Amino acid sequence: MRFAFAFASTRRRFVHRNVLGKGDLRTALPSISICGFRGWRRAFSGLSEDSRERLRNGLRDIKLDDAVDLFGEMVKSRPFPSIIEFNKLLSAVAKMKEFDVVVSLGEQMQMLGIAHNLYTYSILINCFCRRSELSFALAILGKMMKLGYEPDIVTLNSLLNGFCRHGKRISDAVALVDQMVEMGYQPNSVTFTTLIHGLFLHNRVSEAVALVDRMVLKGCQPDLVTYGVLVNGVCKRGHTDLALNLLKKMESEKIEADVVIYSTVIDGLCKYKHVDDALDLFSEMEKKGFRPNVVTYNSLISCLCNYGRWSDASGLLSDMIERNINPDVVTFSALIDAFVKEGKLLEAERLYEEMIRRSINPNTVTYNSLINGFCMQSRLDEAKQMFDLMVSKGCLPNSVTYGTLINGFCKAKRVEDGMKLFREMSQIGLVGNTVTYTTLIQGFYEAGDCENAQQVFKEMVSAGVPPNIVTYNISLDGLCNNGKLEKALAVFQDMQKSVMELSIFTYTIMIEGMCKAGKVEDAWDLFNSLSLKGVMKPDVVTYTTMISGFCGKGLKQEADALFREMKEDGPLPDSGTYNTLIRARLRDGDRAESAELIKEMRSCGFSGDASTISLVGNMMCDGRLDKSFLDMLSWNPLPSKASVR
DNA sequence: GTAGGGTTAG
């Protein structure tokens, strides 16, 4: 046997796997055992004329259900139709990308004693490869070769695809092509295109691009599919210049482009912020005679929406309607989502009605956006109603739906309702992600319920969902704000020991926690340890937090000193820094110094914030301050920073 | 009768 690579795993027997559940294929198939010998002449007749006709036509446009029915009819008829007819059927199902069904049908054939031939094996190998189940494909290859069939270039290309899709065998894929050549096979454009695609799958972009030149050297011209793979691969990774060059190259090589390839590049340009280039290419494709389709429009419309270019987006919508390119659920969902994010819920609802009027069925994504819209406005009951509506329409909520609602309830301080939803979600088999869990943890801490917050954290870990730095920061903050500094410190220590990369934000939370617990000295030690370590620079919030801590303890000199240090060689003080200091001065009753600081703050372009103004208001009421302070804070005699710029 | 690919929305 000339196949040196008769892989070790081929020794493993092809395991029959019934991938479909009971009730689908099983019931479609005949039950041979119940047909007694005398009955079989009546039970098993030939194929109907209709089915013969279908098979003659190569099963064009056949639906999956019909194909499965036909298979049932075929295995009932005696004698069995030839393997060629079965192959036609398997091939048709494979074209629908229903690889599981193909595998299952092949298995049923085997059980009925319908012998596979080279093509049957080829189809099955292809299906396993498409499902990234290389070992099964190799097992069939072994079996096939044992029976004396030698794989041809088609089967080898399928196998190559299997290696490419396998998580760890891309280098074996590269080697396989060389091996093919050694064994006297001539790789064709499918071979190279498959490998190029595989390299992209493993993010080996430059190798993928370089392979095109290599294939030309080997006498293999790239075709439209090759360019499709290349253009998509580079666009998805932001190399839109390269994609545009590829379009030109296609033209010079007289390879006719198509609407999909243009749409791919347009979408790439949109995603990587070259909106106007996308619009240019859009008109260029029209000039070249390629008619855009709904997908082309959808890319552009959602992109324009994301940039807030509403009138351009709706212009394109009217364009497409005028040209009889019908908007679909994606078009409407994109527009609805964009309006929701802009807070224009009314417009979003109008679009929803419009799509119903056009008999376009909203899907989960559409409802998710609308639910999000209500959540954003804290209209939780309406959000829940929308949720019920979608369920009643047979539209299945997914983890985004639940995540959105849970987030809404938590933000509206209704963490218990959020938790109820979370339980419901788990019951129907949807898994929460890090964000969902983190939202709930935050909700419980904000409700002062540390116990449940920690419980959710534990559940998260045991469910195998990894807490991230945000989860930890929220936990630290929650513990500190609920008077559990000791516990927070313990967690903080664990974090420092872990591989997690801490941000300055984490340290600021701890410094604030220590200050609030009256442990300003500890906070100051931590603050200084930052500069000593040198890895983490305190930012303006860290400084302000520390200054605020000093002020709270009446350590005026320390606060002033840190403020000076900040101005000399730290981060620039911001409105928060000034307001923190000003409130401290005002509380001290130091009017002159307060006024001085206010003036300085104004000269930097900041003004009094809400809590400073409310403090001044209170002090005016009990007569400790006069109105001039309020004027200083809110009246604007100085040019603002913006107008100076 | 068998092989490769690409576009849109949360």
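This one's a predicted model, so the numbers in the text were calculated from it and none came from an experiment. Letters A, B, ... mirror the listed sequences (proteins, then strands); counts begin at 1.
- Nearer to the 5' terminus of DNA chain B, by closest-nucleotide assignment, is the contact made by Thr194(A) (compared with the other of Thr194(A) and Thr364(A)).
- Residues passing the salt bridge (Lys or Arg N to Asp or Glu O under 4.0 Å) test with Asp328(A): none are found, sequence neighbours excluded.
- The nucleotide whose nearest atom lies closest to any side-chain atom of Val365(A) is, among dT2(B), dG4(B), dA9(B), dA9(B).
- Within the 4.0 Å cut-off from OP1 or OP2 of dG5(B), at least one side-chain nitrogen or oxygen of Arg130(A) is found.
- Remark: Arg358(A) engages Glu354(A) in a salt bridge (Lys or Arg N to Asp or Glu O under 4.0 Å) (not counting sequence neighbours).
- Of the possible donor and acceptor atoms, one in the side chain of Asp152(A) sits under 3.5 Å from a partner among the backbone N and O of Thr155(A).
- Of the residues in residues 242-265 of chain A, those lying under 4.0 Å from DNA chain B by heavy-atom distance are Asp258(A), Val260(A), Ile261(A), Ser263(A), Thr264(A).
- Residues of residues 294-308 of chain A having a heavy atom closer than 4.0 Å to DNA chain B, listed by number: Val295(A), Asn298(A), Ser299(A), Ser302(A).
- Annotation: ring-ring contact (aromatic ring centres under 6.0 Å, His included) contacts of Tyr227(A) (sequence neighbours excluded): none.
- For the contact set between residues 217-239 of chain A and DNA chain B, defined by any heavy atom under 4.0 Å, the members are Asp223(A), Leu224(A), Val225(A), Thr226(A), Gly228(A), Val229(A), Asn232(A), Lys236(A).
- Identified under the ring pair (Phe, Tyr, Trp, His ring centres under 6.0 Å) test for residues 275-309 of chain A, with sequence neighbours left out: Tyr262(A)-Phe290(A), Phe282(A)-Tyr297(A).
- Under the side chain to side chain donor-acceptor pair (under 3.5 Å) criterion, Lys271(A) pairs with Asp267(A), not counting sequence neighbours.
- Every residue two or more places apart in sequence or in another chain was checked for a salt bridge (Lys or Arg N to Asp or Glu O under 4.0 Å) with Glu342(A), and none qualifies.
- The phosphate of dG5(B) (OP1 or OP2) has a side-chain N or O of Arg165(A) nearer than 4.0 angstrom.
- Listed by chain and residue number, Arg414(A), Lys420(A) satisfy the salt bridge (Lys or Arg N to Asp or Glu O under 4.0 Å) test with Asp417(A) (two or more places apart in sequence, or in another chain).
- Note: CD1 (Ile140(A)) to P (dA3(B)) measures 14 Å, nearest angstrom.
- Scanning for ring-ring contact (aromatic ring centres under 6.0 Å, His included) contacts around Phe387(A) gives Tyr402(A), with sequence neighbours left out.
- Of the residues in residues 206-216 of chain A, not one comes within less than 4.0 Å of DNA chain B through any heavy atom.
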